[in-house]
Amino acid sequence: MKHFFSVLIIISFISLPIFAQDVSVEKGKFRVGDNAAWAGVNVDESAWRDITNTSTWTSQGVKCENAFGWYRYHVTIPKSLLDKSDLKETVDFIMGKIDDADEVYLNGKMIGKTGSFPSDPKGYEGKWNTLRQYRVKSNSDLIRWDADNVLAVRVYNAGDPGGMFQGPVIVRVPNTIDNLSISISEGAKGKEQGGSQCVCTLTGQMSATKSGIFTVQVQDPETGKVLAEKSQNVSVNAKKNRTISMPYDNHSMVRIIATFTESKSGLSTTTKYIPKYILTPAAPAEPRFNTTPLYGVRPDSPIHFRFGVSGEKPMKFSSDDLPKGLTLNPDNGALSGSLEEVGSYTFTVKAKNAKGEQTQRFTIRCGSKIALTPPMGWNSWNCWGLSVTQDKVISSSKALIEKGLADYGYCYMNIDDGWEAPKRNDDGTIAVNEKFPSMKELGDWLHSEGLKFGIYSSPGDLTCGGYLGSIDHELQDAESYNSWGVDYLKYDWCGYGRKHRTEPDNKTVASYVRPYLLMERCLRQQPRDIFYSLCQYGMAEVWKWGHAVDANSWRTTGDITDTWESLYDIGFCQQPELYPYAQPGHWNDPDMLIVGKVGWSNNLRDSRLTPDEQYTHISLWTLLASNMLIGCDIAQMDEFTVSLLCNNEVNAVNQDILGKQAQRVVLDGSIQIWSRPLSDGSYAVGIFNVGKDDARVDFKKYFKEMGIGTLKSVRDLWRQQDLSTSDVNYFIPTHGVKYLKIR
Ligand code: GLA
């Protein structure tokens with residue numbers, strides 16, 4: 001969990017409200033170590049230090065990494081809490097967020113656990129970003145009313161900063177209305193309106209039955225106009241939920257508002273939600289070229305490229321003037337072969353299907369540079385984590401083709417951590433584990449489809465996942481990658497940190513450069529192009545020297561996760577200064593995409609980003625000329641995610657051959673405008689609303705600041721529609737974007 005502090009600043013704004021009848025506890029006692037007896041009531045705390053739960057333990061001077069620490073709190077729970085609640089059924093212990101996994105004991109007995117510890121059967125799982133709320137029945141003997149209660153918290157931290165950090169702990173006896181919640185999910189497609197349907201579920205966490213009116217509205221968020229409404233008299237309790245299903249058109253933005261008003265108290269609870277909506281227009285049935293007509297290769301290096309063409313299948317590919325040494329597969333548009341001489345090779349490719357044909361002029365620049373535009377593809381980490389297998393890579397690759405993502409230029413299929421065997425072969429070469437029967441066959445198959453093959457390692461002894469790294473075997477590993485047909489290496493610092501700490505010059509930039517330069521020399525000895533991706537989280541300002549080790553991209557931040565806080569911190573806070581360092585062949589990498597089904601394990605879930613946050617994510621990443629590596633299981637990708645990733649006009653910004661990364665040109669409260677020049681003389685402009693309320697933005701207001709004189713044209717990139725040049729007043733929902741191309 002890197003770059004955690006800037007995330008903290010944001011989440012502190014969203015801490016829980018404290019009700020008058022709550023008891024809040026901020027100060028406790030703390031000790032590093034692990035002892036089951038510390039859960040008990042009678043523990044000698046004289047050797048324990050003071051601590052608060054409002055900031056991490058590192059920030060309070062505690063050193064405790066890959067280890068346990070315990071907190072103990074003494075809290076009096078007044079019986080009057082019960083009198084103030086109309087429900088009186090439970091006592092809730094709201095612990096805040098805890099980095100990384102915890103168990104909580106009340107007077108010696110465990111009342112809740114989140115995440116898991118290394119010694120647990122399923123192994124370690126951190127949940128630093130999850131709010132802990134544990135519940136005890138109010139008639140339980142565990143609670144000592146009007147007396148001292150001991151809350152003991154056992155915490156395991158896998159990486160600094162560690163501990164409880166979103167206190168105070170709140171002890172609450174909830175009211176009926178606190179115990180009623182409404183969740184809104186997207187159900188199976190509704191037949192009505194040819195769109196989708198949402199399912200609103202009212203749940204009550206109490207045994208007593210409560211009655212009231214449950215109303216669901218579909219609203220136009222821009223005008224507030226109610227487009228549809230359903231209302232029902234309902235009764236709920238812990239055993240009886242109520243649902244209302246509501247159809248809506250999923251091609252425009254709507255807000256679903258579900259409200260329950262309890263009859264007796266008149267109190268109500270409301271949940272609002274903007275479901276997934278698709279803006280990208282369907283591709284025409286005729287062939288349409290979607291990939292950049294420019295490709296860099298070194299002399300004699302094997303070429304693996306697939307022309308990205310959407311349209312009805314089957315499609316046939318041909319060329320009358322293919323440069324010598326190259327072959328074009330007529331059925332899938334895969335280009336292979338190699339070029340001997342340095343130079344620029346331009347030729348015409350034709351794609352033809354039952355509906356029509358289209359041609360594209362295409363240039364291969366054979367010279368010293370590859371990755372003339374940022375890489376597009378997939379990486380296994382954000383979905384499968386360490387549970388990646390060869391079968392899972394193949395299934396996402398097949399889906400990449402079947403669902404049409406390959407028609408938009410996604411081509412790298414990258415295995416992240418988790419493929420290495422525990423021991424090297426006797427001759428020192430790297431061995432693969434049982435999940436990967438044959439790297440060579442996998443590479444050959446990917447190449448036959450015109451796709452590319454990527455792999456992961458570390459300059460250290462161990463990778464972040466604890467697998468074997470490349471230290472002292474760099475050349476041997478580069479040779480193995482070559483023999484398997486690897487086209488991309490992500491080289492992740494991780495275990496190297498231990499060696500680095502012992503080096504006398506470890507404060508110098510040279511000490512950070514060293515392991516990366518070493519691998520670069522080994523890679524460049526191989527008779528093939530291998531995209532070189534540095535992953536060291538931005539240390540020693542890697543963007544300033546990444547190109548000097550001939551890296552094709554470098555991670556600029558710690559790991560991304562699928563929350564707005566993470567996206568905001570990485571995308572909006574950590575990138576503004578980095579634009580001067582991106583250029584064709586060398587790109588800033590703010591980490592992989594967090595759309596679709598992710599999970600970093602075998603348990604996948606829908607990305608927790610809202611639809612507008614996902615539009616923001618893809619818009620910003622294309623503006624940033626970032627690597628576009630899909631992080632989800634493509635086999636399970638839904639229509640919405642395909643539409644996000646396959647908008648040819650949006651992707652064209654990312655792949656623009658000028659290769660200029662966007663600058664933030666306006667910072668006005670929660671409105672930010674990022675802009676980049678494009679090779680056709682126009683500009684891509686993202687107007688972002690990072691605030692928590694919807695906004696109306698008069699774009700004109702910023703013309704002077706942005707150096708805009710007269711607007712000649714405005715195009716909405718997501719909708720692929722030309723807009724008025726005079727009326728430039730836009731509605732931008734919370735965490736959403738208006739993505740334009742202007743002249
Ligand atoms: C680090 C990297 C991630 C991923 C994991 C694998 O955390 O930053 O992107 O590669 O290691 O263990």
Side-chain angles (χ1 to χ4, degrees), residues 1-4 7 65-66 99-100 118 123-129 157-161 375 377-389 392-393 412-422 430 433 435-436 454-471 486 488-498 500 512 515-516 519 531-540 542-543 546 551 553-563 566-567 569-571 574 587-594 598-602 621 626-632:
M1 191 195 43
K2 299 134 198 161
H3 288 293
F4 178 89
V7 174
E65 208 173 327
N66 298 315
D99 179 19
D100 293 297
Y124 164 71
E125 189 185 7
K127 295 254 177 174
W128 71 272
N129 205 17
N157 173 35
D160 274 339
W378 175 87
N379 172 294
S380 57
W381 185 248
N382 291 355
C383 43
W384 301 120
L386 296 172
S387 75
V388 60
T389 64
K392 286 172 175 163
V393 178
Y412 284 100
M413 297 304 298
N414 297 351
I415 305 168
D416 206 281
D417 205 357
W419 59 268
E420 313 86 335
I430 188 79
N433 61 38
K435 298 185 295 165
F436 288 86
I455 211 150
Y456 165 98
S457 187
S458 167
D461 52 350
L462 294 178
T463 65
C464 293
Y467 287 73
L468 280 190
S470 292
I471 198 162
V486 165
Y488 189 116
L489 173 66
K490 170 173 172 183
Y491 208 42
D492 188 358
W493 178 266
C494 250
Y496 190 80
R498 277 184 289 278
H500 185 250
Y512 286 91
Y516 285 102
M519 184 47 105
F531 183 105
Y532 190 27
S533 149
L534 273 43
C535 176
Q536 47 85 291
Y537 340 115
M539 289 184 298
V542 62
W543 42 87
S553 70
W554 44 83
R555 273 272 295 279
T556 55
T557 71
D559 290 12
I560 199 163
T561 190
D562 58 325
T563 61
S566 175
L567 173 64
D569 174 47
I570 287 184
Q574 298 195 50
W587 309 103
N588 288 309
D589 171 9
D591 209 358
M592 300 169 290
L593 304 177
I594 37 166
V598 294
W600 292 266
S601 67
N602 260 329
W621 261 236
S626 165
N627 301 22
M628 295 292 283
L629 293 180
I630 300 164
C632 63

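Given the structure is predicted, the values throughout are model-derived calculations rather than measurements. Both counts, for ligands and for their atoms, begin at 1 and track the order of listing.
Looking at N414 and W378, their side chains never bring a donor and an acceptor atom within 3.5 Å of each other.
Distance alone, capped at 3.5 Å, places no donor-acceptor pair between the Y537 side chain and the D492 backbone. Although no hydrogens or angles enter the test, the distance criterion places a donor-acceptor pair under 3.5 Å between the side chain of N433 and the main chain of G418.
When non-hydrogen atoms are compared, ligand 1 lies under 4.0 Å from the side chain of C535 (C-beta onward) but not from its backbone. The part of D492 lying near ligand 1 is the side chain, judged by heavy-atom distances below 4.0 Å.
In terms of N/O distances under 3.5 Å, ligand 1 is approached by D417. Taking only nitrogen or oxygen atoms, main chain and side chain alike, D416 reaches within less than 3.5 Å of ligand 1. Taking distance alone, with nitrogen or oxygen atoms compared against 3.5 Å, R555 approaches ligand 1 more closely than that limit.
Distance check: M592 CE to D559 CG gives 7.0 Å after rounding to the nearest 0.5 Å.
Distances shorter than 4.0 angstrom occur between a heavy atom of D559 and an atom of ligand 1. Using a 4.0 angstrom heavy-atom cutoff, Y467 does not count as in contact with ligand 1.
Within ligand 1, the atoms closer than 4.0 Å to a non-hydrogen atom of K490 are 3 (C), 4 (C), 9 (O), 10 (O), numbered from 1 in the order shown.
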